[in-house]
Protein chains: 2
Amino acid sequence: MNRKEFRDLAAPDEARDAIDSLSLEGGIERVPLEDARGRVLVARLDAELDVPGFDRASLDGYALRAKDTFGADEADPARLDVVGEVHAGTEPDVELEAGQAAEISTGAVMPDGADAMVPVERTDTDADGDEVLIRTAVAPGDNVMFAGADVAAGERALGPGTEITPRDIGLLSALGVDEVPVRARPRVGIVSTGDELVRPGEDLASERGEIYDVNSYTIAAGVEDAGGDPVLYPHAGDEQDEMERILREAADECDLVLSSGSTSASAVDVIYRVIEEQGELLLHGVSIKPGKPMLIGRLNDSAYVGLPGYPVSAMMVFRTFVAPAIREAAGLPEPAAATVTGRLARQERYAEGRHRLMPVGLVTDSDGETLVYPVDKGSGATTSLADADGLVEVGPETDYLEEGESVTVRLFSPNVRPPALLGVGEDDPTLNRLLDGLENPRYLSVGTRPGLRRLREGVPDVAVAAGPLDRDLDATELGRWEREWGLVVRAGNPAEIDGLADLIDRDLRFVNRTTDSGLRSSLDAAIGDLADDRGTTRRELTEAIDGYELGLRAHESPARKVIDGDADVGLGLRETADRLDLGFVPVGEQPVRVLANPNRTDKAGVRDLEDALSDVSAERR
Amino acid sequence: MNRKEFRDLAAPDEARDAIDSLSLEGGIERVPLEDARGRVLVARLDAELDVPGFDRASLDGYALRAKDTFGADEADPARLDVVGEVHAGTEPDVELEAGQAAEISTGAVMPDGADAMVPVERTDTDADGDEVLIRTAVAPGDNVMFAGADVAAGERALGPGTEITPRDIGLLSALGVDEVPVRARPRVGIVSTGDELVRPGEDLASERGEIYDVNSYTIAAGVEDAGGDPVLYPHAGDEQDEMERILREAADECDLVLSSGSTSASAVDVIYRVIEEQGELLLHGVSIKPGKPMLIGRLNDSAYVGLPGYPVSAMMVFRTFVAPAIREAAGLPEPAAATVTGRLARQERYAEGRHRLMPVGLVTDSDGETLVYPVDKGSGATTSLADADGLVEVGPETDYLEEGESVTVRLFSPNVRPPALLGVGEDDPTLNRLLDGLENPRYLSVGTRPGLRRLREGVPDVAVAAGPLDRDLDATELGRWEREWGLVVRAGNPAEIDGLADLIDRDLRFVNRTTDSGLRSSLDAAIGDLADDRGTTRRELTEAIDGYELGLRAHESPARKVIDGDADVGLGLRETADRLDLGFVPVGEQPVRVLANPNRTDKAGVRDLEDALSDVSAERR
């Protein structure tokens with residue numbers, strides 16, 4: 001295999017400059033008014049008419065000459081002849097003379113001869129409506145909106161660069177404008193490469209190392225967020241001719257082409273060749289983490305950025321370098337800076353000398369202060385971003401950040417709301433239903449043991465622990481329930497598995513859970529009891545189990561191995577077996593405890609969980 | 001005419017409760033992943049597979065048994081046999097034994113027998129590639145992402161109520177989800193009534209009192225902003241049968257029907273009848289300003305809100321009562337509160353005892369402090385909102401707010417950026433071009449005299465004054481230019497008008513500008529000169545001019561009266577005449593001065609304007 005390595009990494013600012021040197025703009029288009037919201041005006045719009053186009057009655061009442069009301073009041077009203085009516089949307093057919101009035105409705109044209117109006121509430125009419133008594137004096141112009149008072153012909157209505165709000169649409173409507181010239185959204189082609197990628201919704205062959213294509217839809221959503229128009233190209237695989245054809249097509253049709261996973265060896269070869277033939281390579285590799293493998297160049301008239309293949313890296317490079325350029329080309333301002341300052345929950349070491357973008361989560365501690373904890377499941381993990389609230393930027397010269405240090409978090413968007421409750425621990429179906437009833441919870445199913453460790457470290461509000469607790473904890477139990485665990489087997493239990501002993505004594509393929517799981521603790525305790533019964537060691541028994549060492553992370557995974565025929569028996573819950581229509585051989589019950597950080601029991605999210613828990617307990621009683 | 005009056009106005013909270021009692025929800029729909037951004041999940045999504053679905057190499061390098069590397073370092077590398085290659089997207093065809101390694105690419109499936117991998121940078125191969133030297137020791141699991149490490153089967157992936165971000169789309173993609181169940185956007189029918197309304201883009205007959213329909217598109221944009229799906233119904237006019245038919249149709253098809261202008265007499269009659277027959281009226285009239293005439297009720301299964309006809313009132317009622325209900329029904333959280341605190345620029349009196357929503361503009365003064373000034377061109381003026389940045393709420397018990405009092409402004413959206421420059425004064429084409437070159441200016445063309453008055457009051461950054469200045473001003477002149485003014489006449493000047501004297505001596509219909517305008521000052525000065533020449537008074541001359549009293553606000557309006565044939569001559573600028581292809585009879589030149597508040601000359605927006613002005617002066621030299 002041919003591999004290109006990165007030698008001279010560019011500084012982040014150089015990457016920014018390189019992208020700025022490209023033109024991403026999509027030109028001008030005209031859109032109907034109903035589609036104008038959020039678009040950006042490309043030229044000044046001047047009023048071509050007066051709004052209103054005539055002197056207009058502001059209320060229902062009587063049009064008259066102000067002079068005729070001078071001195072009138074409740075005690076001594078002025079008496080005028082009613083000589084006509086004017087309705088909104090009709091042309092007045094009267095002209096007033098001294099001593100005359102015309103009934104007029106809101107929005108109607110003031111008749112000639114009238115210079116003011118009096119609202120109906122300040123008048124009385126006689127029985128036949130021929131005369132009106134005016135119980136107040138008005139000045140010329142009172143209760144009249146003059147032609148052009150809102151907007152006058154020739155006036156500058158909206159300037160170039162205006163991002164059109166509903167309020168601007170009101171102004172444009174008033175001017176009779178039904179189409180506006182706006183900046184075209186930059187067209188952004190998205191090309192994903194890699195033989196292993198499968199589009200969501202299609203079948204996946206994990207045994208061949210296939211994974212779903214994460215970047216295409218994610219980047220497309222990011223392009224829309226930034227005001228661009230994403231175009232998804234068919235997945236190119238690693239077949240070089242096909243990839244080259246798609247790249248050239250995208251460059252023809254778009255203002256910007258983004259490829260992802262394009263830093264794999266064969267992809268880089270193709271991109272280098274295409275860029276050499278019809279473009280220019282400006283930069284390869286940026287000193288940033290995550291995100292190092294980045295390409296910037298030109299493909300004919302189109303800009304080109306090659307994003308890393310790992311979802312977190314791709315999204316970080318996109319957010320940091322590409323999204324601002326798309327917004328700029330779309331004429332949109334940088335979104336309102338949404339930042340939060342908090343205390344770092346644990347020390348972070350980092351000594352690679354690259355500018356670092358660290359995804360973090362937020363949690364409010366007992367003082368109402370914000371704790372900031374790094375979320376790092378690796379660049380390949382989509383949950384590194386989905387479980388985070390924002391980023392902390394760390395300069396290349398910083399080797400570590402101390403626990404408790406104050407850091408500034410750039411939220412992913414101004415709409416990000418930190419979770420009302422942060423929980424960690426065991427995966428459990430009852431818990432999942434509980435969480436559904438809460439407002440904005442976050443739960444990280446890391447397993448019982450890591451959950452308890454994190455609770456001790458003081459970051460989460462609660463930990464959920466299943467099985468026996470092996471040591472004293474400084475925690476407040478909010479509630480608990482029992483769950484039945486055992487062996488998940490094929491539907492109908494065709495292998496007639498009776499219990500744990502069969503795993504040891506018979507030739508069955510078993511799938512275990514990791515030692516992080518509370519289920520595993522209960523299993524190990526049960527095997528221990530069996531060993532005592534047989535007068536042997538637990539070790540001897542576990543060594544006799546085929547697959548004992550195969551510990552999977554998630555509570556459903558062993559059951560799914562049974563469904564797939566990869567195993568005869570899996571460790572699991574009755575509830576899982578029932579839901580997946582599998583057989584179940586019960587072994588025992590174990591408690592699931594919800595344990596709160598004792599300083600956070602007054603936090604609203606924790607109290608809500610406690611309330612929900614008491615409902616669960618009540619149900620089960 | 002029959003008029004309904006409002007007697008017992010409901011408190012704002014009662015109106016809120018009435019709307020809350022209605023159901024606006026649109027149900028559930030399934031959308032493809034590419035359309036899921038910003039939508040709201042209606043149910044929990046659990047992972048149905050492990051991500052990744054296999055143990056995965058995190059880097060390019062060699063898969064091996066960790067045990068074989070123990071003790072290896074740069075000085076004493078481990079030497080292993082290379083027995084195969086595994087590429088991403090292919091199934092491994094090797095199984096490793098002790099002392100063996102397989103070349104592996106990023107993302108590929110770890111072959112059986114391997115429990116760790118070493119990146120290529122820490123290895124060397126011999127010439128024929130049969131052996132690899134491993135220059136580092138690794139532990140089991142190093143550089144491997146285990147199956148389910150990102151998301152494990154059965155894990156709670158996203159909870160109900162999640163507003164889907166690009167990051168969530170990444171997670172959903174990874175899970176292979178290509179369609180998600182989301183809350184349907186509430187369907188909101190918009191019915192506008194009133195014989196005087198014309199849709200933008202159509203012809204307007206101002207003489208009949210027609211105006212463009214502002215509310216339909218504005219409210220539709222507001223509905224979209226709030227997460228609803230607006231449906232515009234054909235304009236109903238005031239014809240009762242047609243209006244009734246459209247109302248019933250909208251109620252059938254939508255979750256919420258909004259009508260505007262529906263508080264006019266005949267419209268209210270129809271609405272009362274329709275509601276009586278197939279619904280329920282909950283509330284009529286709210287103690288809020290603007291917005292009093294509001295109806296809330298039910299039409300069969302649909303909610304109904306009648307909005308006032310005036311654009312500002314309609315939008316305020318919509319924002320205050322309706323938009324939050326739409327967001328709630330759409331499952332969207334209230335947008336991040338964006339507020340600004342500032343000092344009120346002038347005293348505001350108000351004693352109507354209604355809760356008040358006061359549109360305000362913002363300007364930064366010399367200290368960097370925010371000044372808040374009321375924008376009140378009346379409820380009928382679209383610019384009352386388009387020229388404002390947010391709202392100040394004033395309780396019914398407050399009669400006045402003092403100048404300098406601290407007030408909190410709710411911005412119309414978190415994206416509102418207060419203008420970088422606030423200018424007021426004369427309307428001028430050169431000025432309009434100048435403003436186009438500035439970043440985010442706001443200019444209120446109130447005329448020269450009101451502009452100077454406001455500058456003295458200390459609110460705007462600059463005032464633009466045309467014509468002679470009649471008194472000393474404490475202001476810094478940033479620049480000036482000259483403009484040619486005179487009489488705008490029909491193309492080719494068919495009436496052979498020579499100059500001002502013709503207005504007096506001949507039978508010509510003239511259109512003037514208001515006394516606010518600097519053009520009017522220059523005209524009056526010129527007529528004064530002419531009166532001196534003739535040994536008479538200015539008054540005598542102006543009384544001889546047919547239309548001298550007809551003063552229009554905007555600089556183009558007189559010219560447009562000439563185009564329309566309503567006048568023979570209008571007061572105006574050569575530039576206006578040229579642009580509208582009209583004839584022009586020059587009378588004089590007048591200076592246009594840009595005058596800055598002397599405390600604000602260092603403000604960035606003012607300096608930018610000064611720079612732009614020096615370019616104009618240079619051009620003209």
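Below, each value reflects all heavy atoms present in this structure, side chains not excepted, and no hydrogens, waters or symmetry copies. Letters go in sequence order (proteins before strands), and every chain restarts at 1.
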Note, B/R560 side chain near A/D50 side chain (heavy atom, < 4.5 Å): no
Does some side-chain heavy atom of A/L171 sit less than 4.5 Å from a side-chain heavy atom of B/T383? yes
Given that the side chain runs from C-beta out, which part of A/R417 has a heavy atom under 4.5 Å from chain B: side chain, backbone, both or neither? side chain
Which answer fits B/T165, side chain, backbone, both or neither, if we ask what part of it has an atom under 4.5 Å from a heavy atom of chain A? neither
So for B/A314, is it side chain, backbone, both, or neither that comes closer than 4.5 Å to the heavy atoms of chain A? neither
With rounding to the nearest 0.5 Å, note down the distance linking CZ in A/R433 to CZ in B/R44. 7.5 Å
Carboxylate-amine/guanidinium proximity below 4.0 Å for A/D436 and B/R156: yes
Give, for atom CD1 of B/I219 and atom CD1 of A/I169, the distance between the pair rounded to the nearest 0.5 Å. 11.0 Å
Quick one: closest heavy-atom pair of B/V214 and A/G170, and the distance? CG1-O, 3.6 Å
Check whether B/D203 gets within reach of chain A through its side chain, its backbone, both or neither, counting any heavy atom under 4.5 Å. neither
Locate the shortest heavy-atom distance separating B/R37 from A/A221; write the atom from each residue and the value. CD-O, 3.4 Å
Check each atom of B/P32 against the heavy atoms of chain A and say whether the ones under 4.5 Å are side chain, backbone, both or neither. neither
What one should report as the nearest heavy-atom pair of A/V109 and B/G209 is CG2-CA, 3.1 Å
Which portion of B/V198 sits near chain A, non-hydrogen atoms under 4.5 angstrom: neither
Mind listing the closest non-hydrogen atom pair of A/A152 and B/A554 along with its distance? CB-CB, 2.5 Å
Cut-off 4.5 Å, heavy atoms of chain A, and the answer for B/E179 is neither
What pair of heavy atoms forms the shortest contact from A/F54 to B/E210, and how long is it? CE2-O, 3.4 Å
Out of curiosity, B/E224 CD to A/D35 CG, how far, rounded to the nearest 0.5 Å? 7.5 Å
If I measure from the heavy atoms of chain A, does B/Y443 come under 4.5 Å with its side chain, its backbone, both, or neither? neither
Counting only non-hydrogen atoms closer than 4.5 Å, does B/A174 touch chain A with its backbone (N, CA, C, O), its side chain (CB onward), both, or neither? both
I'd like to verify something: which residue of B/A147, B/G161, B/P333, B/S216 has the highest number of heavy-atom pairs under 4.5 Å with chain A? B/P333
Determine the minimum heavy-atom distance between A/S173 and B/D213, stating which atoms define it. CB-O, 3.6 Å
Is A/R199 salt-bridged to B/D178, cutoff N-O under 4.0 Å? no
Rounded distance (nearest 0.5 Å) linking atom OG1 of A/T514 with atom CZ of B/F146: 11.0 Å
Please state whether the side chain, the backbone, both or neither of B/L197 comes within less than 4.5 Å of a heavy atom of chain A. neither
Select one option (side chain, backbone, both, neither) describing which atoms of B/N432 are under 4.5 Å from chain A's heavy atoms. both
Looking only at atom types and distance, does a side-chain atom of A/Y212 sit under 3.5 Å from a main-chain N or O of B/V51, one as donor and one as acceptor? no
From B/N440 atom CG to A/T162 atom OG1, the distance as rounded to the nearest 0.5 Å: 8.0 Å
Could you tell me the separation between the CZ atom of B/R167 and the CG atom of A/D389, rounded to the nearest 0.5 Å? 7.0 Å
